[in-house]
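Take a look at the structure set out below.
Positions are given from 1, in the same order as the sequence printed here. The figures that follow rest on heavy atoms only: side chains count, while hydrogens, waters and symmetry mates do not.
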Amino acid sequence: MLPVVIRSRPSAENDYLPLSEYQSQTPETFFEGKPVLYFHDENIKAWVSREQYEKLFFFSRITADNPTSLSPTPPESRALDSQDNVTREEKKVEVFVSSRTLTLFSHNSGNGVEIPYPAITLHAIKNFRSFDTPGDDGFKFSGVYMQLEFSDSSPDDDESFEPIELTLIPYKAASDESAIDPLNAERTNALFNQISACSNLNPDPQNDEEDGEGEDEFDADHIIFESSVDPDDAIEGLPGVFQGNISGGLPPPMPGSSGWITADNVNEFFDEDGNWIGSTGTSGELGDGAGRVRGRDEVEQDGMNGYEEVEDGDAKRPRTE
């Protein structure tokens, strides 16, 4: 999905609905109104490779009129290898994580970008240490690493597309460039968790090809047992077996099974006194004696209910319970 470039800074107070306020009341509608602000931080460093930084739009291109360096700044830059083949650029941005988009705005360039969540194909917490002294536990920090896919989902994009690798690092807004923000880990976790929460609110949209594949699978032949259907509809070579429909529901009842009897249709099968009345076209006629209570004398007569009549009339096989 494609991002939206913005030229004015969003207002956390006026353009968004605070999450605490949203959770404390029942909204009048879920389809209109301001987006809900899940996370806001004014001091975030955005790192991206030199080959990709212009794709994020809020980076200022270095020119003779604008010689501002985009190189990562200390103290976080001490985690980077100066000989690394991947040269990173840095821009300090303000981050808004809302229920609709992830917004990054640069006060320096006056530009920002609204990133739809389906464009974030991967996000994770990335840990950093000093490159020169990796064993120094006093110098470590973390950031949210993301891969972004800005495309219009055309068929030609999939083969040649290279994701944009962006890392967002909360930093300490102070003149001291030797110390890492002691709240870096807490802020990073909060940023990651709220991006995850808002991503779940904005699932990837299904394209037409995926919908077509699902319909093909759903339209596959179903087999149901014989019921009150036209015998001419039977599957050729399989007498008594009929093709079902795509509704996904239960097959029609077997003859005499009467289907499901529920509170909604019980009046079709029993009268007010509880007597069986059947259901025209559904169950058919019941067999002789069905629904009738038989007496003991009738049950225990010869040849019934476990007794078997023999020729001499004296020896009888005892019934089994």
Side-chain angles (χ1 to χ4, degrees), residues 1-48 55-59 76 90-127 141-150 164-174 180-206:
M1 299 185 70
L2 296 175
V4 176
V5 179
I6 58 177
R7 305 297 184 186
S8 59
R9 171 189 175 272
S11 171
E13 294 76 18
N14 300 324
D15 296 333
Y16 299 97
L17 179 67
L19 178 61
S20 57
E21 181 178 343
Y22 173 77
Q23 294 176 333
S24 64
Q25 60 185 9
T26 302
E28 296 180 357
T29 175
F30 292 96
F31 302 100
E32 298 178 358
K34 298 179 181 179
V36 181
L37 186 62
Y38 280 69
F39 178 89
H40 175 228
D41 198 318
E42 298 181 352
N43 301 300
I44 300 289
K45 291 182 177 182
W47 284 359
V48 70
K55 297 180 180 179
L56 289 175
F57 307 105
F58 56 78
F59 279 87
E76 290 82 9
E90 176 183 284
K91 180 64 70 174
K92 295 178 180 179
V93 296
E94 186 174 0
V95 174
F96 303 83
V97 181
S98 77
S99 56
R100 297 179 186 171
T101 59
L102 169 64
T103 302
L104 310 177
F105 186 83
S106 168
H107 295 267
N108 177 266
S109 66
N111 295 324
V113 61
E114 294 179 344
I115 303 173
Y117 289 104
I120 305 175
T121 59
L122 183 150
H123 67 288
I125 293 179
K126 185 174 183 179
N127 297 315
F141 62 95
S142 58
V144 176
Y145 168 83
M146 293 184 289
Q147 289 186 0
L148 309 177
E149 181 177 335
F150 294 160
I164 301 173
E165 297 185 17
L166 172 67
T167 304
L168 301 178
I169 303 172
Y171 72 96
K172 184 178 181 181
I180 297 293
D181 179 16
L183 298 178
N184 167 268
E186 179 180 341
R187 294 165 64 192
T188 298
N189 287 332
L191 174 58
F192 172 81
N193 290 334
Q194 300 304 351
I195 291 177
S196 300
C198 293
S199 295
N200 292 335
L201 298 176
N202 298 268
D204 295 342
Q206 293 183 347

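The closest side-chain donor-acceptor pair between N108 and K92, if any, does not fall under 3.5 angstrom.
Considering only heavy atoms from C-beta on, L102 comes within 4.5 Å of M146 through its side chain. The side-chain heavy atoms of L104 and L166, taken from C-beta on, include a pair separated by under 4.5 Å. For the pair I180/E76, a side-chain contact is recorded, criterion being any heavy-atom separation below 4.5 Å from C-beta on. Annotation: side chain of L19 is not in contact with side chain of F39 (no heavy-atom distance under 4.5 Å). With contacts defined as side-chain heavy-atom distances shorter than 4.5 Å, the pair V93/S106 qualifies. Between N193 and Y38, the closest side-chain pair of non-hydrogen atoms is not below 4.5 Å.
Taking each heavy atom of N202 and C198 in turn, the nearest pair found is ND2-O, 2.8 Å. For N127 against S142, the heavy-atom pair with the smallest separation is OD1-CB, 3.4 Å. In terms of heavy atoms, A12 sits closest to L37 at CB-CD2, 3.9 Å. Residues P116 and P3 approach most closely at CD-CA, 3.9 Å, considering heavy atoms.
Between the side chain of T101 and the backbone N or O of T103 there is no donor-acceptor pair closer than 3.5 Å. For the pair D15 (side chain) and K34 (backbone), a donor-acceptor distance under 3.5 Å is absent. Side-chain N or O atoms of N184 include one that pairs as donor or acceptor with a backbone N or O of P170 at under 3.5 Å. Between the side chain of R187 and the main chain of N43, a donor-acceptor pair closer than 3.5 Å is present. In terms of modelled atom types and a separation under 3.5 Å, the side chain of T121 and the main chain of E149 share no donor-acceptor contact.
Between Y16 and F96, the angle of the ring planes stays under 30°, which puts this pair in the parallel group of the 30/60° scheme.
Partners of Q23 according to the side chain to side chain donor-acceptor pair (under 3.5 Å) rule, which considers only residues two or more places apart in sequence or in another chain, do not exist here. With sequence neighbours excluded, no residue satisfies side chain to side chain donor-acceptor pair (under 3.5 Å) with S99.
The distance from the OG1 atom of T188 to the CD1 atom of I44 is 7.0 Å, given to the nearest 0.5 Å. With rounding to the nearest 0.5 angstrom, the CG atom of L168 is 6.5 Å from the CD1 atom of I195. Rounding to the nearest 0.5 Å gives a distance of 4.0 Å between CD of E94 and NE2 of H107. Summarising the geometry, atom CG belonging to L2 is positioned 12.0 Å from atom CD1 belonging to I115; distances are rounded to the nearest 0.5 Å.
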(request) Evaluate side-chain contact (heavy atoms from CB on, under 4.5 Å) for L56 paired with K91, printing each intermediate quantity in order. (result) CA-CA 10 Å; L56 289 175; K91 180 64 70 174; over 6 Å; no
(message) Using side-chain contact (heavy atoms from CB on, under 4.5 Å), reason through R7 and N111 one step at a time and then give a plain yes or no.
(response) CA-CA 5 Å; R7 305 297 184 186; N111 295 324; 2.8 Å; yes
(request) Start with the C-alpha gap between F141 and D181, add the side-chain angles, then the distance that decides, and say whether side-chain contact (heavy atoms from CB on, under 4.5 Å) holds. (result) CA-CA 8 Å; F141 62 95; D181 179 16; over 6 Å; no
